[in-house]
Amino acid sequence: ETGVTQSPTHLIKTRGQQVTLRCSSQSGHNTVSWYQQALGQGPQFIFQYYREEENGRGNFPPRFSGLQFPNYSSELNVNALELDDSALYLCASSRQGAYNSPLHFGNGTRLTVT
Amino acid sequence: DQQVKQNSPSLSVQEGRISILNCDYTNSMFDYFLWYKKYPAEGPTFLISISSIKDKNEDGRFTVFLNKSAKHLSLHIVPSQPGDSAVYFCAASAGTPLVFGKGTRLSVIA
């Protein structure tokens, strides 16, 4: 069973630039969630995708956007990067559209904004 | 406003002893609770969960206890092993996305 994979593993961007992070969900999982983990904090929910539609969003501005593809893989896009966007971005997949099932996380993408 | 709180940033335990990690929550609507373990350079790994209709769930060396009246849950690891050294996150849900605590770093000393 293939787990959740994320790319790239590390990324350095300059303030104001745009970034795209990618995630392949675990085999058999149809729901993808994205989380941001700042240093010393727990993961914070950005949004979730189910059947290629956004299915819930956390307290993040519109410059954070996403996509889900027919094969359930997903992208997180962040426009107009700010220094505070520096964090570990985690993708998680699960088996159903409901929230009450364990999430399976990838190893994350470490984004540094300078 | 933190809905899920892990008040101990770190914990050190001797190998073979019990590790007890604590978590408090404020939202009485939470009905599903999970513990995740995270090693450096890896994503969080699901450990164990409990729904609000139970007060205990056990899986091998790991047991989670839920006290709804106190809005408190704990993770017991017995016996603790050096490989258990990691950051442990408590998470909760109310049919909504998971809300995570800030984590507790467990160090198991051989």
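Below, all heavy atoms of this structure are taken into account, side chains as well, without hydrogens, waters or symmetry copies. Chain A is the first sequence line, chain B the second, and so forth, proteins listed ahead of strands; every chain is numbered from 1.
Counting heavy-atom neighbours within 6.0 Å of A/N71 CG, excluding the residue itself, gives a total above 12. Within a 6.0 Å radius of CD in A/E54, more than 12 heavy atoms belonging to other residues, nucleotides or ligands are found. Around CZ of B/F30, the count of heavy atoms belonging to other residues, nucleotides or ligands within 6.0 Å exceeds 12. For A/I12, the CD1 atom is loosely surrounded, since the number of other residues' heavy atoms within 6.0 Å does not exceed 12. Within 6.0 Å of the CD atom in A/Q44, the count of heavy atoms belonging to other residues, nucleotides or ligands does not exceed 12.
With a 4.5 Å cut-off on non-hydrogen atoms, B/A41 touches chain A through its backbone but not through its side chain. There is no contact between B/Y39 and chain A, counting heavy-atom distances below 4.5 Å. Only the side chain of A/Y35 comes within contact range of chain B, with heavy atoms under 4.5 Å apart.
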Review item, side-chain donor-acceptor pairs of residues 97-109 of chain B, under 3.5 Å, at least two apart:
| from | atom 1 | to | atom 2 | distance (Å) |
| --- | --- | --- | --- | --- |
| B/T104 | OG1 | B/S8 | O | 2.6 |

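Remark: A/N79 pairs with no residue by the side-chain hydrogen bond (donor to acceptor under 3.5 Å, both in side chains) rule, at least two apart or across chains. Qualifying side-chain hydrogen bond (donor to acceptor under 3.5 Å, both in side chains) partners for A/W34, counting only residues two or more places apart in sequence or in other chains: A/S74.
The stretch residues 44-79 of chain B places B/P44, B/F46 near chain A, each with some heavy atom under 4.5 Å from a heavy atom of that chain.
Of all the heavy atoms in A/Q37 and B/F89, the pair that sits closest is NE2-CZ, 3.3 Å. Heavy atoms only, all atoms of each residue included: A/L88 and B/K38 are closest at CD2-CE, 3.8 Å.
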